[in-house]
Every structure is written in structure tokens, then in C-alpha cells.
Amino acid sequence: MKRKNPLKNVELPWEKPKSPWEDPHAAQLVKKIMQSPTYKIAEEDIDFLKSDETRGVRLELDYLKAELALREAGVEHTIVVFGSARIRERKTALAELEKIQKQVAKDHDNPDLLRELRIAERMVENSRYYDDAREFGRLVANAGEGPQDNRLMVMTGGGPGIMEAANRGAFDVGAKTIGLNIHLPHEQFPNPYVSPELCFQFHYFSIRKLHFFQRAHALVAYPGGFGTLDELFEILTLVQTRKTPLMPVVLVGRKYWERLVDFEFLVDEGTIAPEDLEIFEIVDSAEEAWNSIRKWHLKRKTKHYELYNGKVKKAKAKDKKKAAAKHNKKKES
């Protein structure tokens with residue numbers, strides 16, 4: 001009778017180390033070899049993977065991990081929301097203000113405390129942007145066929161503040177939502193409202209930016225600091241130089257943006273063209289931002305423009321109702 005696997009129990013010469021009978025130093029020498037970094041398989045050699053020479057491989061992996069997950073989840077288009085990580089919801093901002101007010105009452109001449117008090121007061125006022133970004137997240141999540149229609153999704157940097165608010169708005173209505181965190185030297189946590197399977201952590205800012213813009217149908221910027229400005233001017237430059245397809249760019253918070261950046265001054269100085277001011281629009285609320293994006297896509301009849309058309313959504317619902325009634329009638333007859 002023929003054995004199924006005649007080689008299964010055959011021991012190969014290299015499966016045993018050299019016998020100490022042949023050389024008493026052999027075991028120690030082999031141990032030394034196997035502990036050498038060069039003996040590690042490349043994919044398990046962390047020092048090798050972190051070397052300057054393998055940066056290209058790391059860049060590819062940084063991109064590919066998120067890309068494959070987004071494809072698998074069927075993510076087609078996103079609306080990206082940027083804004084300050086420091087802006088909190090109102091109850092948190094009020095609690096911080098109350099805490100500083102107590103400190104100032106004990107040391108009312110302390111310039112550092114007085115400065116903190118002014119900032120805390122501003123944060124209470126700015127908390128309205130948290131509420132507004134949350135509402136914007138809801139509006140996006142309800143687009144198309146509703147929260148379960150993943151063709152258009154909210155994408156943020158995955159952190160706190162405005163990012164949290166936009167993710168939270170989508171989460172409120174039961175929609176999936178995306179967060180692109182960045183690995184930083186200090187500990188950080190993603191906000192709790194990002195869908196776990198759509199929360200990513202990047203090593204490279206450049207790859208993270210690529211994912212922000214790759215599926216973007218629009219970019220919405222709420223008041224923010226360096227990070228928000230970095231992302232905003234990146235997309236303005238890409239659109240201006242035609243390195244990326246045209247898309248609506250909306251800044252929410254007229255008072256903030258018009259004080260922060262004097263865009264008209266850039267035109268007057270000749271450093272940008274008057275037409276460049278048409279690349280973006282400044283509005284004051286989530287509803288205005290959503291309507292601006294809707295009009296932009298409906299006017300141009302872009303791919304999946306029907307996602308923004310409430311009439312189409314209602315018509316589809318009506319058609320479904322008619323089809324169901326027809327089906328029931330047939331059943332009865």
C-alpha cells in the first residue's frame with residue numbers, strides 16, 4: 001500500500017544544528033548568527049523597516065492599508081470637514097470657564113490667568129461652531145438614500161473639537177463616518193464617533209492628505225489653527241493650479257475667516273487673480289454650507305449629483321411606494 005506522504009517524516013539535514021560532538025563551539029556560534037539582525041526576515045525586522053532606505057516602502061504601506069479598507073467598505077465620495085481640535089461642546093467650555101473664573105477670583109492680578117480667562121470666554125462663544133459642525137455632519141449623513149447610503153460620507157481628521165462634532169453628527173443619525181488620525185510623539189485618542197472599521201492612523205502627513213482629497217466631493221473648513229490652515233491652503237493651491245478637479249470649498253464662520261485672512265488684499269497686491277476668490281465661499285452656518293455644496297454639484301450635474309437632490313430622493317421614495325402598492329394589488333388579485 002502506497003503511503004500518502006512518504007516525505008512527511010523524513011528529517012532534512014538542516015533541521016538539526018551541528019552536533020557538539022563534531023564541534024563543541026557550534027551551538028554558541030549558531031545562536032550568535034540567529035540573533036543577528038541580518039538573519040531576521042525583512043518584514044519582521046522593525047529596524048530595517050524604519051531605515052531611511054525603506055521610506056518608500058513605508059509610504060506605500062501607509063497609503064495602501066487605508067485605501068484597501070476604504071474600498072472594501074464601498075466608500076466612494078466624502079465631504080471633508082476641518083476645524084480646530086480645541087473647540088469644545090458648550091457644557092465643557094462652560095465648565096472650563098467656571099474653573100478659571102474661580103482661579104481669577106483668588107488671584108485677580110495674575111496676567112496669565114486673565115489671558116486664560118479671555119480665551120475661555122472665547123471658547124464658550126466658539127462652542128456654537130461645535131453645534132454647527134455636528135448639524136453639518138447630520139446633513140451629509142442624510143444625503144442620498146439616507147444614513148445607510150454610504151456613497152457620500154463625512155471624513156475628518158478623527159480628533160476632538162470640530163472633527164469630533166462632524167463625526168458625531170453623522171453618528172447621531174446612524175451613519176458610518178471616517179476619521180484619519182495621525183501618529184504623533186505624544187499620546188492621543190480618536191474621537192468616539194468614528195466608525196471603528198473606518199478609523200485609520202497614519203505616519204505621514206502627506207499620505208493622510210492624499211486620502212483627504214482623493215475621494216473628496218467638497219471641503220468644509222470651520223475656524224481652526226495651523227492644521228486647519230495647512231489643509232485649507234493645500235486644497236486652494238491644488239484647485240488654483242488645476243492639480244485636482246474643481247470642488248466646492250466652503251469656509252464656515254464669516255466673522256472669523258474675514259478677520260483671519262484678507263483675501264481681497266491678495267487680489268489688490270496682485271498675488272492672486274480676482275477669479276481665485278471664486279474657488280471658495282464663506283458662509284455662516286451648516287445649512288448654508290450644505291446648500292452651497294448642493295448647488296455646486298446640481299449646477300454641474302457631477303457624478304452622483306443626485307445625492308444632493310432632495311427632489312430626486314423624494315421621487316425615488318414615491319416610486320418605491322407605488323411599486324409596493326402595485327405588488328400588493330397583484331398579490332390580492
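Along the sequence shown, the residues carry numbers beginning at 1. Just so you know, these numbers use all the heavy atoms, side chains as well, and skip hydrogens, waters and symmetry mates. Quantities reported herein were computed from a predicted structural model and do not represent experimental measurements.
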Do Arg58 side-chain atoms and Ser51 backbone N/O form a donor-acceptor pair below 3.5 Å? yes
So, Asn126 side chain and Ile87 main chain: donor-acceptor pair closer than 3.5 Å or not? no
Check the pair Tyr222, Thr228 against side-chain contact (heavy atoms from CB on, under 4.5 Å), reporting the backbone distance first and the verdict last. CA-CA 8 Å; Tyr222 278 83; Thr228 303; over 6 Å; no
Under 3.5 Å, is there a donor-acceptor pair between the Asp132 and Ser285 side chains? no
Does any donor atom in the side chain of His217 or Tyr308 lie under 3.5 Å from an acceptor atom in the other side chain? yes
Using the six-membered ring wherever Trp is involved, compare the ring planes of Phe280 and Phe263 and label them parallel, tilted or perpendicular (cut-offs 30° and 60°). tilted
Tracing side-chain links under 4.5 Å among I, L, V, M, F, W and Y, which residues wind up in one group with Tyr39? Val30, Ile33, Met34
Shortest non-hydrogen contact from Arg215 to Leu70? NH1-CD1, 3.7 Å
Please answer: with hydrophobic residues joined when any side-chain heavy atoms are less than 4.5 Å apart, are Met155 and Ile207 in the same cluster? yes
Step-by-step side-chain contact (heavy atoms from CB on, under 4.5 Å) determination, Lys176 to Glu197: CA-CA 9 Å; Lys176 288 185 176 182; Glu197 71 277 19; 3.2 Å; yes
For Ala175, check side-chain contact (heavy atoms from CB on, under 4.5 Å) against everything at least two apart and list the hits. Ala141, Pro147, Ala170, Val173
So side-chain hydrogen bond (donor to acceptor under 3.5 Å, both in side chains) across residues 265-274, not counting sequence neighbours, yields none
Pair listing, side-chain hydrogen bond (donor to acceptor under 3.5 Å, both in side chains) test, anchored in residues 23-35, at least two apart: none
Is any side-chain heavy atom of Ile178 less than 4.5 Å from a side-chain heavy atom of Ser195? no
Considering only distance and modelled atom types, tabulate donor-acceptor pairs under 3.5 Å from the side chains of residues 229-243, sequence neighbours left out.
unit_1, atom_1, unit_2, atom_2, d
Asp230, OD1, Lys209, NZ, 3.1
Asp230, OD2, Lys209, NZ, 3.0
Glu234, OE1, Lys209, NZ, 3.1
Thr237, OG1, Phe233, O, 2.7
Gln240, NE2, Asp276, OD2, 2.9
Thr241, OG1, Thr237, O, 2.7
Thr241, OG1, Leu238, O, 3.4
Arg242, NH1, Val239, O, 3.1
Arg242, NH1, Gln240, O, 2.9

Got a sec, which pairs hit ring-ring contact (aromatic ring centres under 6.0 Å, His included) with one end in residues 110-149, sequence neighbours left out? none
